[in-house]
Colleague: 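Before anything else, here's the structure in question.
Counting from 1, the numbers follow the sequence of the chain as shown.
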Amino acid sequence: AFPSLKANTEDVKSIIKEEEEQFGRTLDKGSRQLKAFAKKGKVTGEDAFLLYTTYGFPADLTELMASELNVPVDMPGFEKKMAEFRESTKKKKTTSSQKDMVLKAQECDKLVNGLKITVTDDSAKYDWDTKGDGKEHEAKILAIYDGKDFVQKCSSDTEVCGLVLDRTPLYAEQGGQTFDTASIKTASGVEFTVDDSQKYAGYVLHIGNVSGKGDMKVGDKVTVAVDFARRALVAKNHTATHILNFALRSVLGGKIDQKGSLVDECKLRFDFSHNKPIEIDEMRKIEEICNREIQKANTIHFREVALKKAEAINGLRAVFGEKYPDPVRVVSVGPSIDNLLNDAKTPWGMDASIEFCGGTHVANTSEIYKFVLLIEEGIAKGVRRIVAVTGPQAAVEATLKSLALRVEVDETRTLQGALLDTRIAELRKNVGEDKEVSLIMKKDMLIDIDNLKAGQLQLGKAASKEFEKKAKEDGEQLAKEANAASGKTFVGVVDAGAGSDDAKCIGFAMEVAIKECP
């Protein structure tokens with residue numbers, strides 16, 4: 001039923017392996033937490049809810065593991081907690097869309113001069129395992145913002161609010177990279193779910209809500225746990241964006257300039273200067289270069305370097321008009337930072353991606369696994385946009401969807417006539433509108449569909465000529481029969497064959513018959 005699975009067994013195995021490893025990490029963390037709960041003699045509904053929302057433990061798995069530890073689970077309490085959560089989520093979505101959580105100049109001034117709070121230390125954002133894991137970090141709540149003013153405490157009744165901590169391991173949205181999400185907990189067990197993190201004048205605002213009972217107060221010491229599995233997906237896309245920038249310059253020339261980017265856990269989007277659509281052969285080369293660089297298993301090197309010294313790196317790429325900090329963080333895919341700084345003669349940027357960037361990246365390009373182009377389009381005069389996916393699951397899913405469409409295209413070759421015309425129209429619509437399949441494979445399929453259409457038209461023209469010839473022959477025969485017949489009326493039959501245009505064929509036959517039988 002799914003021949004594409006057999007054709008891509010290695011890709012499928014890779015997806016399964018990564019899912020198993022990720023589930024194993026989740027299971028390990030959750031198991032430790034479950035054992036801690038079990039020491040109390042039972043697992044409460046709130047405990048089971050925490051295992052579900054924070055560690056991804058389904059309730060039936062919690063029940064199974066708890067039974068092995070001979071402790072009961074309060075399932076009615078869990079169901080009640082889930083119902084409350086669903087209801088509060090509906091309310092919070094409405095409130096979040098209406099609340100302005102931006103720290104404007106007035107709020108930032110109050111943090112600096114009114115509350116005398118120093119900017120957030122976010123250096124721990126680089127302390128993690130790029131394969132999707134990392135330690136929890138201790139911090140202290142310095143301020144709580146409710147969307148209007150700074151308050152002393154927040155609870156589930158506060159709905160959406162923002163926490164300012166003295167330090168954080170979260171990456172706040174900036175430089176085209178999306179924000180981190182996380183869980184923040186007090187020693188007493190009150191939990192705050194971080195759905196967004198933004199940076200204003202050096203202060204990282206952790207935006208979310210208290211997800212359980214209890215209050216969070218200014219001065220509370222907390223533990224911060226980042227969703228590193230999600231960040232690992234973002235990192236794959238971010239490093240791939242750097243590699244894409246390098247590939248574009250390699251294929252389209254050095255005049256290519258970055259005009260914007262967005263990387264999240266689902267995809268990467270890259271805007272660049274170019275005054276015409278990219279040809280299919282150029283796109284093929286760009287994708288090939290990206291995957292070649294990934295397969296090289298290059299180490300990603302990064303270091304903060306004095307701005308003047310960093311700007312002297314031969315071949316380094318920077319965004320035109322961007323103001324960079326001093327020192328600035330240099331990210332190199334392949335060459336070491338020492339080599340870049342000590343050898344000013346080698347044009348490093350000709351053979352590798354070297355950029356200024358403060359984002360989080362993979363440790364090695366092999367972690368990206370695969371790069372698949374999905375979209376290439378114009379978004380403004382002289383500006384093009386590319387959308388792509390990476391990672392075993394996203395990239396392979398895009399390829400498998402493409403292969404499924406390819407099977408449909410190949411099966412269409414067996415059709416003829418009006419049925420083929422209908423199927424060609426359906427395929428062109430389906431292939432053209434699908435934004436989640438490989439762009440290269442899509443372009444190839446559209447060419448094949450156009451060839452099928454052209455072939456159908458050619459066959460149609462040949463058939464029409466054959467029908468015309470047969471109709472004229474019938475006309476000649478009818479004229480002979482009419483001339484030989486007696487009386488003033490003669491009835492004959494014109495049969496040019498199945499699939500012919502009856503009106504046209506009668507016309508051709510009559511034209512010949514009238515000439516032969518005036």
Side-chain angles (χ1 to χ4, degrees), residues 15-86 88-89 124 127-139 156 168-171 180-195 197 206 208-214 216 221-236 265 367 391-393:
I15 291 175
I16 294 171
K17 185 173 183 291
E18 182 169 278
E19 288 296 315
E20 285 177 345
E21 290 173 351
Q22 182 57 48
F23 181 72
R25 288 192 290 267
T26 302
L27 190 65
D28 184 52
K29 288 181 185 176
S31 297
R32 290 198 298 268
Q33 188 61 61
L34 177 59
K35 288 175 183 176
F37 289 146
K39 288 179 181 178
K40 299 181 297 182
K42 66 175 182 178
V43 177
T44 67
E46 188 138 353
D47 293 339
F49 175 76
L50 178 67
L51 287 167
Y52 177 75
T53 56
T54 305
Y55 299 98
F57 260 45
D60 53 355
L61 179 60
T62 298
E63 277 192 297
L64 177 64
M65 295 184 71
S67 67
E68 292 174 355
L69 297 171
N70 295 314
V71 293
V73 179
D74 179 12
M75 289 307 296
F78 169 77
E79 294 298 340
K80 182 182 177 183
K81 188 69 183 170
M82 281 299 297
E84 291 173 355
F85 174 70
R86 292 188 191 100
S88 65
T89 299
D127 181 15
W128 70 300
D129 179 349
T130 60
K131 292 182 179 178
D133 206 352
K135 64 183 181 182
E136 297 180 345
H137 290 260
E138 304 297 321
S156 56
T168 183
L170 275 77
Y171 183 91
D180 275 341
T181 58
S183 172
I184 298 176
K185 284 200 300 185
T186 65
S188 61
V190 181
E191 184 176 3
F192 184 91
T193 302
V194 182
D195 300 316
S197 45
H206 305 75
N209 53 271
V210 176
S211 53
K213 292 180 180 179
M216 278 198 163
K221 290 183 178 179
V222 294
T223 302
V224 185
V226 176
D227 184 347
F228 287 115
R230 175 180 176 274
R231 187 200 277 183
L233 298 174
V234 177
K236 286 176 173 63
E265 68 273 30
E367 294 172 32
Q393 186 161 346

Colleague: Taking side chain to side chain contact (heavy atoms under 4.5 Å, CB included) as the test, write out the residues that go with Lys42, two or more places apart.
Modeller: Thr44, Pro72

Colleague: Which distance, rounded to the nearest 0.5 Å, do you find between the CD of Glu136 and the OG of Ser183?
Modeller: 8.0 Å

Colleague: List for me each residue that meets side chain to side chain contact (heavy atoms under 4.5 Å, CB included) alongside Thr130, sequence neighbours excluded, and say none if there are none.
Modeller: Trp128, Ala363, Glu367

Colleague: Tell me every residue that passes side chain to side chain contact (heavy atoms under 4.5 Å, CB included) with Ala59, counting only those two or more places apart in sequence or in another chain.
Modeller: Met75, Phe78

Colleague: Looking only at non-hydrogen atoms, find the nearest pair between Asp195 and Thr181 and report the distance.
Modeller: O-CG2, 3.9 Å

Colleague: Which residues pass the side chain to side chain donor-acceptor pair (under 3.5 Å) test with Lys40, sequence neighbours left out?
Modeller: Asp47

Colleague: Could you tell me which non-hydrogen atom of Thr168 sits nearest to which non-hydrogen atom of Ala124, and how far apart they are?
Modeller: O-CB, 3.9 Å

Colleague: Check step by step if side chain to side chain contact (heavy atoms under 4.5 Å, CB included) holds for Glu191 and Ile184.
Modeller: CA-CA 6 Å; Glu191 184 176 3; Ile184 298 176; over 6 Å; no

Colleague: Please report the interatomic distance NZ(Lys81) to CG(Asp74), rounded to the nearest 0.5 Å.
Modeller: 12.0 Å

Colleague: Sorted by first residue and then second, give each salt bridge (Lys or Arg N to Asp or Glu O under 4.0 Å) pair with at least one member in residues 221-230; sequence neighbours left out.
Modeller: Arg230-Glu265

Colleague: Using the test side chain to side chain donor-acceptor pair (under 3.5 Å), find all partners of Ser197 that sit at least two apart in sequence or belong to another chain.
Modeller: none

Colleague: Using side chain to side chain donor-acceptor pair (under 3.5 Å) as the criterion, list what pairs up with Ser67, not counting sequence neighbours.
Modeller: none

Colleague: Drop me the distance from His206's NE2 to Leu170's CG, to the nearest 0.5 angstrom.
Modeller: 4.5 Å

Colleague: Between CD of Glu46 and CG of Leu51, what distance do you get to the nearest 0.5 Å?
Modeller: 11.5 Å

Colleague: List the residues meeting side chain to side chain donor-acceptor pair (under 3.5 Å) with Asp129, not counting sequence neighbours, and say none if there are none.
Modeller: none

Colleague: Does Lys135 have any side chain to side chain contact (heavy atoms under 4.5 Å, CB included) partners at least two apart in sequence or in another chain, and if so, which?
Modeller: Asp127, His137

Colleague: Compare every heavy atom of Arg231 with every heavy atom of Tyr171, then report the nearest pair and how far apart it is.
Modeller: N-NH2, 3.9 Å

Colleague: At their closest point, which heavy atom of Ala139 faces which heavy atom of Val224, and how far apart are they?
Modeller: CB-CG2, 4.2 Å

Colleague: Restricting to non-hydrogen atoms, name the atom on Val226 and the atom on Pro169 that form the minimum distance, rounded to 0.1 Å.
Modeller: CG2-CG, 3.7 Å

Colleague: Identify the heavy atoms of Ala232 and Lys131 that sit nearest to each other, and give their distance.
Modeller: CB-C, 4.2 Å

Colleague: Under 4.5 Å between any side-chain heavy atoms of Phe37 and Leu50, yes or no?
Modeller: yes

